[in-house]
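Below: the structure, in structure tokens.
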Number of protein chains: 2
Amino acid sequence: MASTAPTRSAIKVLPEPSDLPEPLPEPAADTVRLEAVLGALSDPLRLRVVRKLLLEREEFDHTCNWFGLDRPKSSLTHHFRALREAGVIRQRQYGLERRSQVRVDDLNARFPGLLDLVVDWTPPTH
Amino acid sequence: MASTAPTRSAIKVLPEPSDLPEPLPEPAADTVRLEAVLGALSDPLRLRVVRKLLLEREEFDHTCNWFGLDRPKSSLTHHFRALREAGVIRQRQYGLERRSQVRVDDLNARFPGLLDLVVDWTPPTH
DNA sequence: GCTCCAGTACGAGTTAAGTCGAACTTAACA
DNA sequence: TGTTAAGTTCGACTTAACTCGTACTGGAGC
């Protein structure tokens, strides 16, 4: 399937540990819609989250408040769910924590070059 | 500047005729924001417009009702302005007609690969 | 002058999205 | 068992976006 397609992106893919919690409900790779992904990435806060996930993936995945976002918890839930339902990130439950990672393979296979644009993005200065 | 940067895209660039009306107000190429472009392209109707402009550019640019969209005129104005203000299209006034073209050079220089995703997009079947 | 027509401007209704507080759930840990 | 803390769910508010009808503008042509 598309999950093993060669990714000509600069973003490297980390190997997955063997025993993981099941991912939360997410759209299948071949049903992810471009307009939904673009809509999810059109929000600066979510763009910041995805970019940070792509740039600093020394660990497998990250909790919500690892991002250092100055928003209430309910707002973060809203944005992370928007990213997951659009097919941008995958979320897994580790005890109390819900950790997130970008679906790099799926997105590179379906929308090559898109994640590179996110990496090159610079947040608004305002 | 960035407007003459090499575009490694498959979309070819048409030469511009010499005497043209001034473009309508639009953001400068180096001030176009990724999140604004993604937001403009997250609407299926606008995605259709941009894709059609990219695929069928045998003429220099096109009027609004050339697209064959079954929407009232005021709705089309809304969407074309959204595309123009985000920096996706350029519009020029020819007498009564307002013709549109995609800012291929600017977008390829700033967001390489993005327009290729639009070309490869398939509209929702529903 | 006059009509015709492409497109805009304005306004209103509707829907979707962002924002947040407060209450709730649940695993971890003492 | 009781507490703590990560994150959700719910509801309400606000703001932005979409949709459209109507009226308007402004060039083309008679």
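Worth saying up front: this structure is predicted, and the values here are computed from it rather than measured. Naming convention: chains lettered A, B, ... in sequence-line order (proteins, then strands); numbering from 1 in each chain.
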Taking [atom1] from [X] and [atom2] from [N], how many angstroms apart are they, rounded to a whole number?
{"X": "A/Arg92", "N": "C/dA27", "atom1": "CZ", "atom2": "P", "result": "18 Å"}
{"X": "B/Leu38", "N": "C/dA17", "atom1": "CG", "atom2": "P", "result": "16 Å"}
{"X": "B/Glu97", "N": "C/dT8", "atom1": "CD", "atom2": "C1'", "result": "15 Å"}
{"X": "A/Arg99", "N": "D/dG7", "atom1": "CZ", "atom2": "P", "result": "8 Å"}
{"X": "A/Leu24", "N": "D/dG7", "atom1": "CG", "atom2": "C1'", "result": "11 Å"}
{"X": "A/Lys73", "N": "C/dA22", "atom1": "NZ", "atom2": "P", "result": "12 Å"}
{"X": "A/Phe80", "N": "C/dG18", "atom1": "CZ", "atom2": "P", "result": "14 Å"}
{"X": "B/Arg98", "N": "C/dA9", "atom1": "CZ", "atom2": "C1'", "result": "11 Å"}

Taking NZ, NE, NH1 and NH2 as the nitrogens, is one of them in B/Asp106 or B/Arg90 under 4.0 Å from a carboxylate oxygen of the other?
yes

Could you work out which one of C/dG7, C/dA9, D/dT8 sits closest to the side chain of B/Arg81?
C/dA9

Does B/Arg46 reach the main-chain N or O of B/Leu83 with its side chain, forming a donor-acceptor pair under 3.5 Å?
no

Short question: side chain of A/Arg110, backbone of A/Val32 - any donor-acceptor pair under 3.5 Å?
yes

I'd like a table of atom pairs between the protein and nucleotides 13-20 of chain D - only N or O on both sides, under 3.5 Å - with the distance next to each one.
from, atom 1, to, atom 2, distance (Å)
D/dC18, OP1, B/Arg46, NH1, 3.1
D/dC18, OP1, B/Arg46, NH2, 2.6
D/dC18, OP2, B/Arg46, NH1, 3.4
D/dC18, OP2, B/His78, NE2, 2.8
D/dT19, OP1, B/Arg71, NH1, 3.3
D/dT19, OP2, B/Arg71, NH1, 3.4
D/dT19, OP2, B/His79, NE2, 2.7

Anything under 3.5 Å between a protein N or O and an N or O of nucleotides 26-29 of chain D, put it in a table, one pair a line.
none

Between A/Gln91 and the options A/Arg81, A/Arg84, A/Glu26, the side-chain hydrogen bond (donor to acceptor under 3.5 Å, both in side chains) test singles out A/Arg84

Approximate separation, where rounding is to 0.5 Å, of B/Leu41 CG and B/Leu114 CG
6.0 Å

Identify the residue among A/Leu55, A/Leu53, A/Leu47 that makes a side chain to side chain contact (heavy atoms under 4.5 Å, CB included) with A/Arg51.
A/Leu55

